[in-house]
Protein chains: 2
Amino acid sequence: MFMDIKNIMKNKNMRFTVARTELLEILIKESKPVCYEDVKHRINMDKATFYRNIAKFVDEDIVNSFESSDKKSYFEMKVDSHPHFICNYCHSIKCIDNLGSVVLEGYEVESIILKGKCTLCR
Amino acid sequence: MFMDIKNIMKNKNMRFTVARTELLEILIKESKPVCYEDVKHRINMDKATFYRNIAKFVDEDIVNSFESSDKKSYFEMKVDSHPHFICNYCHSIKCIDNLGSVVLEGYEVESIILKGKCTLCR
DNA sequence: ATCTATTGTGCGACTAAGTCGCAATTAAGT
DNA sequence: ACTTAATTGCGACTTAGTCGCACAATAGAT
Ligand SMILES: [Mn+2]
Ligand SMILES: [Mn+2]
Ligand SMILES: [Zn+2]
Ligand SMILES: [Zn+2]
């Protein structure tokens, strides 16, 4: 795992730093998308450092991002890309595995977000 | 149309005001989701007035809302609800009509957002 | 038509997510 | 070890959206 991150960095021509290692470790371990607040709660990382590294990860296709109904951005590793359900009422985010593939002529669909009322809220 | 808005307000037990009429007229005429900036560009309406009225419309199920990749909220009349495609690169929003219905067991899906690369950006 | 209770509007101050410039630090190749 | 370019952390800044409050407008009663 430690070695994995070092290799990812090498492949993407990015320097192997403590901040990036800690951030990627959280993203890899976590099974849900995380926001800056989530990361800050676990490790000491500056806002700017977080957002700049995340932007680079997104740029390098390592990480996916989307905006939730709580007006914050959430981030997740891009491996095993899947849809997400966001509750408009409690703002919880659920990863969805059992949804047929959605194809849209002319567009390159990178992520799918379903919004509505979750199991607990209805 | 003018009468329609008055009736909507009556049915929802909301006062019939100039601000609400102007805002609903824009939402009804517009064929794309709009943000505050879009509305401000067309009429003189205070931010607080806009967001408070929009929140009420959303609450009363007249209007749908979602967050775009430009970190702004967009709003659209709830009639003829349909999915939207948001480009992660140019942040354009397209209304999608030709997509099969998505059903998710246990959840009440209110809106569907597809994100990715639009026709122009790829 | 006027009066009154209640709701809506506009303004300015505020909040909070995210960005930017800059000086200090660190990674990585020689 | 040395050098150079990339990265980090800090504080200032930007901007979408919220809040409190004084004033204005609505809708119903008289
Ligand atoms: Mn997920
Ligand atoms: Mn639409
Ligand atoms: Zn919920
Ligand atoms: Zn585009």
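Computed from heavy atoms alone, side chains included, the values below leave out hydrogens, waters and symmetry copies. All chains are named by letter (A, B, ...) in the order of the sequence lines, taking the proteins before the strands, and each is independently numbered beginning at 1.
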B:Asn53 CG - C:dG10 P separation (whole Å): 9 Å

Residues B:Glu25, B:Arg42: salt bridge by 4.0 Å N-O rule: no

For A:Glu37, salt bridge (charged side-chain N to carboxylate O under 4.0 Å, His left out) partners two or more places apart: A:Lys72

Of the listed nucleotides C:dA17, D:dA16, D:dT7, the one nearest the side chain of A:Lys72: C:dA17

Check against side chain to side chain contact (heavy atoms under 4.5 Å, CB included), B:Ile113 and A:His84: CA-CA 10 Å; B:Ile113 297 161; A:His84 291 95; over 6 Å; no

Nearest-angstrom distance from the residue atom NZ of A:Lys40 to P of C:dG18: 15 Å

Side chain A:Arg52 and base C:dG18 donor-acceptor under 3.5 Å: no

First of B:Ala48 and B:Val18 reached from the 5' end of DNA chain D, by closest nucleotide: B:Ala48

Phosphate OP1/OP2 of D:dT7 contacted by A:Thr49 side-chain N/O (<4.0 Å): no

Position toward the 5' end of DNA chain C (nearest nucleotide), B:Lys47 or B:Asn13: B:Asn13

Under-4.0 Å side-chain N/O to phosphate OP1/OP2 contact, B:Ser73 with D:dA16: no

Between D:dT8 (P) and A:Glu22 (CD): distance, integer Å: 10 Å

D:dG17 phosphate, OP1 or OP2, under 4.0 Å from B:Tyr51 side-chain N/O: yes

Over all atoms of both residues, closest heavy-atom pair of B:Cys121 and B:Tyr89: SG-CB, 3.9 Å

Whole-Å distance separating the CD1 atom of A:Ile43 from the P atom of D:dT8: 11 Å

Of A:Arg15 and B:Asn44, the one whose closest DNA chain C nucleotide lies more 5': B:Asn44

Between C1' of D:dG9 and CE of A:Met45, the distance in whole Å: 11 Å

Gap between atoms NE2 and P, on B:His91 and D:dA16 respectively (whole Å): 13 Å

Distance, rounded to the nearest Å, where B:Glu67 contributes CD and C:dG18 contributes C1': 15 Å

Qualifying residue for ring pair (Phe, Tyr, Trp, His ring centres under 6.0 Å) with B:Phe75, from B:Phe57, B:Phe50, B:Phe66: B:Phe50

Rounded distance (Å) that lies between atom P of C:dT7 and atom NZ of B:Lys12: 18 Å

